[in-house]
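To start, the structure itself, in structure tokens.
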Amino acid sequence: MAYSQNPVTVTITGAGGQIGYALLFRIASGQMLGADVPVRLRLLEIPQGVKAAEGAALELQDAAFPLLHGVDVTDDATAAFDGVNIAMLVGARPRGPGMERADLLAANGGIFGPQGAAINAGAADDVRVVVVGNPANTNALIASAHAPDVPAARFTALTRLDHNRALGQLSAALDAPVGGIRNVTIWGNHSATQYPDVSHATLDGRAVPTLLAERFGGADGAAHWLSEQFIPRVAKRGAEIIEVRGSSSVASAASAAIDHVRDWVGAGSQPGDAGWTSVALPSDGSYGVPEGLISSFPVESVDGQLRIVQGLSIDEFSRARIDASVAELVSERDAVRALGLL
Ligand code: NAD
Ligand code: LMR
């Protein structure tokens, strides 16, 4: 699937924020949709964020990107999503002091419900949505529930950052570039319960579990490294970044969002992109994940459509971890349902 030469409309919410700033210039330069695809950017912000987004728009003009066919800044969701082809929902309500999880879900419901409705009202027929703002899976579920005319499969949430983090950790452990690693999977929620699964992964065609056993002195050593080091490191990497940097991941999150959309629309691959990737999308019941839940799976993009990779064997260890993360997603869904947000 490839876009024609007509400008593609990309709407970024929270465009005045950190991730927005890291995204805009890469999209405008052609790194997301291809070096020959013109883009039109719509920057949606809340009124307090409009100035920052306007500043970014001025800088986009100054960067003189040949592919950039216009930038609009608005605080009106209806205008922002009118005719949108790609919606990147980054702006979200962060957890504040004293806020309970239910408060956070409710606050984000107040954002993602209306944005879903605006997408439903005005988006282009081919709209694709990626939710970055946390809690990303459940925010995507809320947005989708408010967009009954848009196929649910067009609503995804970002777990590509977790996927890329897993590649980075494996690369370091096996002392090999990420480009040779294939078929890592992130299952479940973009949260600390996620399950980064390397049981089907390969490095330059060799099974990663075998290589880990060689590296860590046998199968038990590899299992210990996976459960005590790799899985928690990947699953809690967001918190590690916050602790070390003093604020949450920005450039790596933007880079992952670019990877997510680029692979979805089939805008060319880069080293390391062969094999499957991880995307949180509505379950069709595959691998025992309740239908409709937006959960991360091993995913391939075929002709611009995301397909869950089928037929993978799931061992007992993986089953328990997938089930735990899915249980968290079910509880988030039940909580937003109880709040009347679905
Ligand atoms: P930020 O605070 O720098 O920017 C967020 C921006 O969103 C702000 O400018 C704010 O004004 C805007 N905003 C808030 N509500 C909005 C609304 N209703 N409509 C439009 N804009 C709105 O935060 P950031 O560092 O850019 O992170 C954004 C989100 O991404 C956070 O929720 C963060 O937790 C999440 N995140 C997700 C991942 C992931 O892998 N899924 C990774 C990193 C960060
Ligand atoms: C991340 O994975 O880096 C973020 O989702 C962390 C966060 O809480 O913003």
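We count ligands from 1, going down the list as the structure has it; atoms in each ligand are counted the same way. The first residue in the sequence is number 1, and the count goes up from there.
- Of all the heavy atoms of N134, the ones lying under 4.0 Å from any atom of ligand 1 are found in both the backbone and the side chain.
- The shortest heavy-atom distance from I241 to ligand 2 is not under 4.0 Å.
- Remark: distances from the non-hydrogen atoms of R160 to ligand 1 are all 4.0 Å or more.
- Contact analysis leaves Q48 out of contact with ligand 1, as no non-hydrogen atom separation drops below 4.0 angstrom.
- Only side-chain heavy atoms of H190 come within less than 4.0 Å of ligand 1; its backbone N, CA, C and O stay farther off.
- Within the 4.0 Å heavy-atom criterion, neither part of R237 lies near ligand 2.
- Protein heavy atoms come within 4.0 Å of atom 18 (N) of ligand 1.
- Of all the heavy atoms of R165, the ones lying under 4.0 Å from any atom of ligand 2 belong exclusively to the side chain.
- Residues R160 and T277 have side chains that bring a donor and an acceptor to within less than 3.5 angstrom of each other.
- Under the 4.0 angstrom criterion, atom 4 (O) of ligand 1 counts as having a protein heavy-atom contact.
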Considering only distance and modelled atom types, tabulate donor-acceptor pairs under 3.5 Å from the side chains of residues 77-89, sequence neighbours left out.
{"from": "N85", "atom 1": "OD1", "to": "T9", "atom 2": "N", "distance (Å)": "2.8"}
{"from": "N85", "atom 1": "ND2", "to": "D126", "atom 2": "OD1", "distance (Å)": "2.9"}

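- With a 4.0 Å cut-off on non-hydrogen atoms, L161 touches ligand 1 through its side chain and not its backbone.
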